[in-house]
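Data block below; observations after.
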Amino acid sequence: MSAIAETAVLFSPAARGLALREEVRLGLTSTPKELPPKWFYDRRGSELFDAITRLPEYYLTRAERSILERCADEIAELTDATTLIELGSGTSDKTRLLLDALAPRRFVPFDVSEETLRSSAQRLALRYPSLEITALVGDFEQPLPPLPAGEPRLLAFLGSTIGNLTPTRRTLFLNDVASALDEDDWFLLGADLVKSPARLVAAYNDPTGVTREFNLNVLRVLNRELDADFDLSAFEHVARWNAEAEWMEIYLRSNRRQTVRLAALELEVAFDAGELMRTEISAKFHLSRLAGELEAAGLATKRCWTNDAGDFAVLLAMRPARFELATSASAGQRSIP
Ligand code: SAH
Ligand code: AVI
C-alpha cells in the first residue's frame with residue numbers, strides 16, 4: 001500500500017471562517033472579553049504548542065508519555081481496537097506509542113488545524129505504510145460526525161485538551177463522545193490532575209516566553225484572518241491559578257487604554273488599561289470526580305493509570321452494552337468518507 005494519507009475537510013474554509021467571525025464577535029463584545037482557544041492553532045500556534053511540550057516546566061506531555069509507555073500494551077490487550085480515532089491530534093507524537101502497541105488497521109486523526117493535521121498524517125503514513133490514515137479537519141466542539149465503521153474502535157483524547165473546555169462544554173462533549181461510540185467501543189482520555197499551584201503557574205509562565213508567544217499568537221490570527229490591527233506589544237501574557245474553579249486561567253492584559261479595529265467584522269473594540277481578556281482555561285482534575293463525569297455521560301471507566309508522581313492520569317472507559325443511547329443531533333459535520 002502506498003504511504004498516502006487521505007484528508008477530509010468536515011469543517012470547510014467557509015464554515016471555519018463563519019465560526020471564527022461569530023465566536024470572535026461574541027467574545028469581544030462580551031463582558032469580560034474572551035476568545036476561544038481553538039483559534040490559537042494556525043501553523044505557528046501549533047509549532048509554539050509543540051515547543052511548549054518540550055519546556056522543562058511543562059510536565060504534562062512527559063507525564064502522559066511515561067504513562068502511555070507503560071500502559072499501551074495493556075490498552076491494546078483490553079480494547080483489541082482495529083480503528084484508532086484521535087481528537088485534537090496535533091502532531092500525534094505520543095499516539096505512536098498506541099499505534100505501535102495496537103497495530104490498528106485504520107487511524108483517524110481529527111483536528112481543527114489543517115496544516116498540522118496534513119503534515120503529521122503524511123509523516124505517519126511514511127512511518128506506518130500499511131496503516132490506512134483518514135485525517136479529518138473538524139471542530140470537536142460541534143457534534144461529532146459518525147465514526148468510521150470497523151469495531152472495536154478506540155477514541156483517544158490526549159494531552160488534557162479536555163481541560164480547555166468550560167464545564168458546560170465538557171459535559172456536552174462527553175455526552176457527544178458517548179453517543180458517537182457503539183457498545184463495546186472505547187474512550188481513552190488524558191487529563192492533568194490538581195497539584196501545587198506553584199507548579200501549575202510555572203507550567204504556564206515559562207521564563208523563555210514560549211507560552212507568552214503562544215498566547216499572543218491568537219492576536220496574530222485575528223490580525224491576519226479578520227483584518228484586525230491588534231498591536232501585540234500592547235498586550236501581556238497573564239496565567240493565574242483559580243483555586244475555586246481548579247483551573248489555570250490564561251489572559252491577555254491590555255497594557256494601555258486602546259481601541260482595536262477588526263475590519264472584517266466592522267467592529268471597534270475598546271480596551272481599558274489593565275483590562276484582562278481570557279484566552280484559555282486549563283482545568284485540572286481529581287481522578288474520581290472525572291470518572292464520575294464520564295459515568296454521568298454513560299462511559300464506564302475500566303482502568304486508569306497515573307504517572308509515578310501522580311501528576312497526570314490516563315483513563316480507559318467504554319460504552320457498556322445496553323446503555324441507552326441519547327442520539328447525537330449529528331448535523332454539524334459531514335460523515336467520514
Ligand atoms: N493531542 C496533542 C495536541 C494537544 S494541543 C497532545 O496531546 O500533545 C490541542 C490540539 O487540539 C491542537 O492540535 C489543536 O489544533 C486541537 N484543537 C483545539 N481545539 C479544537 C477543536 N475545537 N476541534 C478540533 N481540534 C481542536
Ligand atoms: C492543549 N492544552 C491541553 C494546553 C494546556 O495545557 O491547557 C494548551 C496550553 N496553553 C498554554 N500552555 C499549553
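Here the structure is a predicted model, which means the values were calculated and not measured. Just so you know, ligand 1 is whichever comes first in the structure, and atom 1 is the first atom listed for that ligand.
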* Asked: Heavy-atom contacts under 4.0 Å between Thr161 and ligand 1: side chain, backbone, both, or neither?
  -> side chain
* Have a look at ligand 1 and work out which part of Phe49, if any, has a heavy atom under 4.0 Å from it: side chain, backbone, both or neither. => side chain
* So which protein heavy atom does atom 2 (C) of ligand 1 come closest to, and at what separation? -> Gly88 O, 3.6 Å
* Asked: Does Tyr41 share a hydrophobic cluster with Leu20, counting links as ILVMFWY side-chain heavy atoms below 4.5 Å and allowing steps through other members?
  -> yes
Do any side-chain atoms of residues 155-163 form donor-acceptor pairs under 3.5 angstrom with protein atoms, and if so which ones, sequence neighbours left out?
residue : atom : partner : partner atom : Å
Ser160  : OG   : Asp192  : N            : 2.8
Thr161  : OG1  : Leu158  : O            : 3.3

* Give the residue and atom name of whichever protein heavy atom lies nearest to atom 13 (O) of ligand 1, and the separation in Å to one decimal. => Asp111 OD2, 2.7 Å
* Asked: Under 6.0 Å from the CZ atom of Arg43, do we count more than 12 heavy atoms belonging to anything else shown?
  -> no
* To do: Validate the cation-pi geometry between Arg319 and Phe187: distance from NZ or CZ to the six-membered ring centre under 6.0 Å, angle to the ring axis within 45°.
  => no
* To do: Record the part of Phe140 in heavy-atom contact with ligand 1 below 4.0 Å; permitted values are side chain, backbone, both and neither.
  => both
* Asp311 vs Arg199 side-chain heavy atoms within contact, under 4.5 Å -> yes
* Using 4.0 Å as the upper bound for N to carboxylate O, is an ion pair formed by Asp100 and Arg96? -> no
* Asked: Does the pair Glu114 and Phe11 meet the rule for a side-chain contact (heavy atoms from CB on, under 4.5 Å), with working shown?
  -> CA-CA 10 Å; Glu114 183 166 352; Phe11 198 33; over 6 Å; no
* Could you list which atoms of ligand 1 come closer than 4.0 Å to a heavy atom of Ser113? => 15 (O)
* To do: Examine Thr53 against ligand 1 and note whether any of their N/O atoms are separated by less than 3.5 Å.
  => no
* **Min side-chain heavy-atom separation Leu181-Leu147 under 4.5 Å** => yes
* Structure fact -> protein heavy-atom neighbour closest to atom 22 (N) of ligand 1 works out as Asp139 OD1, 2.8 Å
* Flag the pair His286 / Leu193 as yes when at least one side-chain heavy-atom distance between them is below 4.5 Å, and no otherwise. => no
Just the distances, no angles: every ligand 2 N or O to protein N or O pair closer than 3.5 Å, one line each.
residue  : atom   : partner : partner atom : Å
ligand 2 : 2 (N)  : Asn164  : OD1          : 2.9
ligand 2 : 6 (O)  : Tyr58   : OH           : 2.5
ligand 2 : 6 (O)  : Tyr204  : OH           : 2.5
ligand 2 : 7 (O)  : Asn164  : ND2          : 2.9
ligand 2 : 7 (O)  : Ser282  : OG           : 2.6
ligand 2 : 10 (N) : Glu280  : OE1          : 2.7
ligand 2 : 10 (N) : Glu280  : OE2          : 3.4

* Calculate, to the nearest 0.5 Å, the distance between atoms OG1 and CD belonging to Thr211 and Glu280 respectively. => 9.5 Å
